[in-house]
Amino acid sequence: MVRGFYMLGSGILTQSRVLNTISNNVANVDTNGFKKTRVMEKTFGSMVVERVDRNRTPVGSASMMNTADEAVTDYSQGTVNQTGRKLDFAIKGDGFFAVQGDNGTVYTRNGSFNIDSDGYLVLKGQGRVLGSDGNPIRPGTDEISSDGQGRLTANGAPVGQLAVYRFPDNAALKTVGEGMFQGANAGLVTTPAVLWKSLEGSNVDMTEEMTSALSSQRELQSCSQALKMYDTVLDQAVDIAKL
């Protein structure tokens, strides 16, 4: 009976975390370069079940409960849309733009850039965009052009190349903001495929998210109702014991 409380309570906590993750995905459906996450579940505790007889015949094993393990990011590419804006860029295939953030370099698929008051290429709210030479790019104007590898030209003169980095394992990246990541062992891509006047959208599928949300909500409600039944039965057992 008590084990049932553990299992149902864990189910409620797990589904609450799942719903929070889905809510964050839905909230960022329009965030450029955003990568959706999924909560993975794992078995917590297990025991061997045996039939008590002379031979102690094994029956099998039973899990104590399922619980939320970790949130896994899906790095698949979102839909790339043409915007016609000269400061918009999208990476085709694997890779990340690099931005000089307040707490070190951050990496992102969001290529919606601007020009700050000092003429540097920036990602709003994050910092200055880094070039392939490791330094911030300073076009000095928003009237720029680009080729298919992110090499930028302003007023007929080259002003730098957008740095695109790849990692040995994207799963090892740490999320530090919506669509922003940090990680070690970044490798500079020498011939990146960069689309100009285009942006990569979020890879969130609204239909999939709503289906997952409904399923998780039903499971949470089932656990809650069953937990109330367990509580009622235990109350009655206590009353009987008092007789």
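The first residue of the sequence shown is numbered 1, and numbering continues consecutively from there. Predicted, not measured: the structure shown is a model, and the values here were computed from it.
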Quiz item: Is there a donor-acceptor contact under 3.5 Å from the side chain of Ser215 to the main chain of Thr211?
Solution: no
Practice problem: Please round to the nearest 0.5 Å and tell me the distance separating atom CH2 of Trp196 and atom CD of Gln149. | Solution: 15.5 Å
Self-check item: Donor-acceptor side-chain pairing of Asn28 and Ser202 below 3.5 angstrom
Solution: no
Practice problem: Would you give the length of the straight line joining atom CD of Gln217 to atom OG of Ser212, rounded to the nearest 0.5 angstrom? | Solution: 13.0 Å
Quiz item: Would Phe89 and Ser198 count as a side chain to side chain contact (heavy atoms under 4.5 Å, CB included) if you check the C-alpha gap in whole Å, the side-chain angles of each, and the deciding distance to 0.1 Å?
Solution: CA-CA 5 Å; Phe89 301 87; Ser198 299; over 6 Å; no
Quiz item: For atom CG of Asp102, is the number of surrounding heavy atoms from other residues, nucleotides or ligands below 6.0 Å larger than 12?
Solution: no
Quiz item: Do Val176 and Leu173 belong to the same hydrophobic cluster, where Ile, Leu, Val, Met, Phe, Trp and Tyr are linked whenever their side-chain heavy atoms lie under 4.5 Å apart, directly or via other members?
Solution: no
Self-check item: Asp94 side chain to Asn170 side chain, donor-acceptor N/O pair below 3.5 angstrom
Solution: yes
Quiz item: Do Arg138 side-chain atoms and Asp118 backbone N/O form a donor-acceptor pair below 3.5 Å?
Solution: yes
Quiz item: Between the main-chain N or O of Gly95 and the side-chain N or O of Arg109, is there a donor-acceptor pair closer than 3.5 Å?
Solution: yes
Exercise. Specify the closest pair of heavy atoms between Ser216 and Gln15, including all atoms of both residues, with the distance to one decimal.
Key: OG-OE1, 2.6 Å
Quiz item: So, does Thr108 use its side chain to make a donor-acceptor pair with the main chain of Met180 at under 3.5 Å?
Solution: no
Practice problem: Search all heavy atoms of Ser112 against all heavy atoms of Arg85 and return the closest pair with its distance. | Solution: OG-NH1, 4.0 Å
Quiz item: Which heavy atom of Asn81 sits nearest a heavy atom of Thr79, and at what distance?
Solution: OD1-CG2, 3.7 Å
Exercise. Report yes if some heavy atom in the side chain of Phe34 is under 4.5 Å from a heavy atom in the side chain of Asn110; otherwise report no.
Key: no
Quiz item: With a 6.0 Å cut-off on ring centres, are Phe167 and Phe181 close enough?
Solution: no
Quiz item: Which atoms form the tightest heavy-atom contact between Asn25 and Thr37, and what is the distance?
Solution: ND2-O, 2.9 Å
Quiz item: Do Val159 and Val194 share a hydrophobic cluster, counting only Ile, Leu, Val, Met, Phe, Trp and Tyr and linking them when any side-chain heavy atoms are less than 4.5 Å apart?
Solution: yes
Exercise. Can you sort out the partners of Gln77 under side chain to side chain donor-acceptor pair (under 3.5 Å), two or more places apart, ordered by chain and number?
Key: none
Quiz item: Is there a side-chain contact between Ile137 and Leu130 (heavy atoms, below 4.5 Å)?
Solution: no
Exercise. Would you sort out whether Arg38 and Glu208 count as a salt bridge (Lys or Arg N to Asp or Glu O under 4.0 Å), showing the intermediate values?
Key: CA-CA 12 Å; Arg38 285 283 176 267; Glu208 179 184 352; 3.1 Å; yes
Quiz item: So how far is it from Gln161 CD to Ser146 OG, rounded to the nearest 0.5 Å?
Solution: 8.5 Å
Quiz item: Can you tell if the side chain of Ile115 reaches within under 4.5 Å of the side chain of Leu87, non-hydrogen atoms only?
Solution: yes
Practice problem: Using the salt bridge (Lys or Arg N to Asp or Glu O under 4.0 Å) rule, take Arg128 and Asp116 through it: C-alpha gap first, then chi angles, then the decisive distance, then the call. | Solution: CA-CA 9 Å; Arg128 291 173 176 173; Asp116 67 11; 3.2 Å; yes
Practice problem: Assess whether atom CD of Gln82 is packed by more than 12 heavy atoms of other residues, nucleotides or ligands within 6.0 Å. | Solution: no
Practice problem: Without swapping roles, check the side chain of Asn155 against the backbone of Ala157 for a donor-acceptor pair under 3.5 Å. | Solution: no
Practice problem: Answer yes when Asp205 and Lys36 have at least one side-chain N-carboxylate O distance shorter than 4.0 Å, and no when they do not. | Solution: no
Quiz item: Are Asn24 and Asn20 side-chain neighbours, meaning at least one heavy-atom pair lies under 4.5 Å?
Solution: no
Exercise. Test Phe97 against every option in Tyr107, Tyr165, Phe113 by the ring pair (Phe, Tyr, Trp, His ring centres under 6.0 Å) rule and name the one that passes.
Key: Phe113
Exercise. Please assess Leu188 against Val164 for the test side chain to side chain contact (heavy atoms under 4.5 Å, CB included), listing each intermediate value before the final yes or no.
Key: CA-CA 6 Å; Leu188 181 67; Val164 175; 5.8 Å; no
Quiz prompt | Hydrophobic cluster identity match, Val29 and Val18, side-chain contacts under 4.5 Å | solution = yes
Quiz item: Of the non-hydrogen atoms in Thr141 and Ile144, which two are nearest, and what is the gap between them?
Solution: O-CG2, 3.4 Å
Quiz item: Could you give the distance from CG (Asn114) to CG (Leu121), rounded to the nearest 0.5 Å?
Solution: 8.0 Å
Self-check item: Heavy atoms from other residues, nucleotides or ligands near NZ of Lys197 exceed 12 (cutoff 6.0 Å)
Solution: yes
Quiz prompt | Expected output: side-chain Asp133 to main-chain Asn135 donor-acceptor under 3.5 Å | solution = yes
Quiz prompt | Which atom of Gln182 lies closest to which atom of Asn103, heavy atoms considered | solution = NE2-O, 3.2 Å
Practice problem: Output the distance between atom CD1 (Ile91) and atom CG (Leu199), rounded to the nearest 0.5 Å. | Solution: 11.5 Å
Quiz item: Taking C-beta and beyond as the side chain, do Asp142 and Lys86 meet within less than 4.5 Å on heavy atoms?
Solution: no
Exercise. For Asp74 and Ser76, test the side chains for any donor-to-acceptor distance below 3.5 angstrom and give the result as yes or no.
Key: yes
Quiz prompt | Intermediate values then yes/no, side chain to side chain contact (heavy atoms under 4.5 Å, CB included), Val129 and Leu162 | solution = CA-CA 8 Å; Val129 180; Leu162 292 170; 3.8 Å; yes
Quiz prompt | Verdict with supporting geometry, Asn203 and Tyr75, side chain to side chain contact (heavy atoms under 4.5 Å, CB included) | solution = CA-CA 8 Å; Asn203 67 351; Tyr75 290 96; over 6 Å; no
Quiz item: What distance separates Glu200 CD from Asp88 CG, expressed to the nearest 0.5 Å?
Solution: 12.5 Å
